[in-house]
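Written below as structure tokens is the structure these notes are about.
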Amino acid sequence: NTKNSVFKRPHCRRYNMYVDFRKVDWDTWIVAPPGYDAFFCQGECPYPLAKHMNATNHAVIQNIIHSKNPARVPAPCCVPIKHSAISMLYLDRDKKVVLKTYQDMIVESCGC
Amino acid sequence: TSSLTELPQGKTTPSLTREPGTKLAKDSEDSSKGSAKLDKDAEIIKKLEESLLNSFGLDEKPNVDKSQVKIHPYMFQLYNLKVKENLEEAEEVSEDRRESKASSKFTPQAILANTVRSFTHIESPEDKFHPEHKMLFRFDVSSIPAREILQGAELRINYSPPPSVEKILETYDKDTISNLHVNRRKWSKNELIYLTRINVFDVVRPSKGSRDHVHRLIDTSVIDVRMNSTVSLDVSPSLKRWLSKPQTNYGFYVEVNPLKFDSSVVKDASHVRLRRSISQDDDAWSEKQPLLIVHTDDPKLAKREKR
């Protein structure tokens with residue numbers, strides 16, 4: 001619910017989001033970790049775009065066009081621009097121990 | 001459903017209050033609508049879960065209880081190593097450092113592959129018929145999906161000093177032993193009595209008659225019986241064949257031979273943990289038993305190209 005939360009902050013940035021495997025009953029087969037910090041991105045990309053907003057050249061162009069004609073072109077979105085991996089130790093359906101590394105599971109930074 | 005039953009009396013529709021029969025029918029209709037909504041929600045949650053599991057490379061949620069399965073400590077070691085690697089990668093280690101990591105001695109496959117599986121020997125009544133210094137290991141690797149590409153496989157066998165050597169060790173200087181361990185190639189003639197060779201053979205054709213079997217030597221290693229350690233043998237060629245032709249999975253034959261048999265202090269293979277000793281309980285054995293580690297690359301989990 002974005003109405004009553006901190007997400008009202010206008011600028012694009014990273015927020016905490018912890019994924020707890022116990023809450024979805026996945027702790028029966030996932031050995032480690034018990035959960036992880038996934039994070040998410042939220043916020044606006046206002047004109048002009050500040051350097052810390054990690055904007056792409058395209059976002060800068062879209063932002064300029066949007067400032068001239070907001071009805072036709074939307075403002076750039078706040079999205080994850082850098083991810084990192086997590087490793088999971090779990091049991092497969094044959095009760096075999098598996099260690100897998102999943103890419104792009106954690107948001108490292110957000111940008112426009 | 002609960003919100004429907006808690007409606008105030010005045011707010012009930014006239015038709016429901018006038019005709020009890022109809023009310024029941026209406027209630028049951030509302031209830032069925034409510035349950036239909038719940039069913040729909042459950043269905044959506046199920047589909048979301050399926051989608052998430054699919055992105056994890058799984059067809060369905062494994063219906064297992066982790067408390068019932070003994071996990072080898074080596075898998076936890078690998079897990080901790082991977083976690084450390086992920087953290088370093090997140091902190092953007094320099095390319096030079098990444099290269100030096102990849103060429104390090106410590107299980108290069110573990111660094112490059114995105115999936116590691118462990119397998120234990122399928123025990124059979126025939127195990128006891130093998131001589132003490134030989135053992136046929138069978139592993140069920142059918143759970144490895146066909147899409148995964150083999151990066152490497154190792155058979156890990158534990159060994160520890162037998163009691164006869166432990167007595168001799170009491171008279172030894174510990175520094176001398178560690179030096180010997182590091183400089184593995186500098187053995188004096190007197191020390192050869194402590195060396196044991198472990199051979200691992202790929203069973204290309206199992207024994208049907210007395211001598212028609214075909215065993216191919218795939219790796220060998222010399223161990224120092226004074227050490228308490230683990231030997232890792234490369235069994236990748238066998239795994240490559242097993243994964244392409246599962247019907248040719250006849251297992252590995254492991255043989256333990258003292259290097260200098262006549263004067264060796266260890267004439268049996270009890271110091272190498274090929275099989276469970278009578279006194280060993282489940283917990284102790286699960287930590288010491290031979291382990292097959294298979295490193296694969298799951299293309300489904302390959303990192304997407306950066307923008």
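Convention: sequence-line order gives letters A, B, ...; per-chain numbering from 1.
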Main-chain N/O of Asn114(B) paired to Lys100(A) side chain as donor or acceptor, under 3.5 Å: no
Given heavy-atom pairs under 4.5 angstrom as the criterion, report whether the side chain, backbone, both or neither of Ile30(A) touches chain B. backbone
Among all residues two or more places apart in sequence or in another chain, which pass the ring pair (Phe, Tyr, Trp, His ring centres under 6.0 Å) test with Phe39(A)? none
Cut-off 4.5 Å, heavy atoms of chain A, and the answer for Leu58(B) is side chain
Result of checking Asn80(B), Leu81(B), Asn86(B), Val116(B) against Ser87(A) for side-chain contact (heavy atoms from CB on, under 4.5 Å): Asn86(B)
side-chain contact (heavy atoms from CB on, under 4.5 Å) evaluation trace for Arg93(A) with Asp59(B): CA-CA 10 Å; Arg93(A) 62 182 166 192; Asp59(B) 303 328; 3.9 Å; yes
Decide yes or no for Val31(A) and Met75(B): does some side-chain heavy atom of the first lie under 4.5 Å from some side-chain heavy atom of the second? no
Flag the pair Glu89(B) / Gln103(A) as yes when at least one side-chain heavy-atom distance between them is below 4.5 Å, and no otherwise. yes
Mind listing the closest non-hydrogen atom pair of Ala90(B) and Glu108(A) along with its distance? CB-OE2, 3.6 Å
Does any backbone or side-chain atom of Gln68(B) lie under 4.5 Å from a heavy atom of chain A? Answer side chain, backbone, both or neither. neither
Side chain, backbone, both or neither: which part of Val69(B) has a heavy atom under 4.5 Å from chain A? side chain
Best-contacting candidate, Val83(B), Thr120(B), Asn63(B), Ile71(B), against chain A by heavy atom pairs under 4.5 angstrom: Ile71(B)
Heavy-atom side-chain proximity of Lys82(B) to Leu99(A) below 4.5 angstrom: yes
Contact list (residues 19-29 of chain A to chain B, heavy-atom gap under 4.5 Å, by number) returns Val24(A), Asp25(A), Trp26(A), Asp27(A), Thr28(A), Trp29(A)
Which answer fits Asp94(A), side chain, backbone, both or neither, if we ask what part of it has an atom under 4.5 Å from a heavy atom of chain B? side chain
Kindly compute the distance separating CG (Asp65(B)) from NZ (Lys95(A)), expressed to the nearest 0.5 Å. 8.0 Å
Quick one: are Pro62(B) and Leu91(A) in side-chain contact, heavy atoms under 4.5 Å? no
Those residues of residues 135-148 of chain B, ordered by number, that approach chain A below 4.5 Å (heavy atom to heavy atom): Asp140(B), Ser143(B), Arg147(B), Glu148(B)
May I have all residue pairs that pass disulfide bond (SG atoms under 2.5 Å apart) and include part of residues 55-90 of chain A, sequence neighbours excluded? Cys12(A)-Cys78(A)
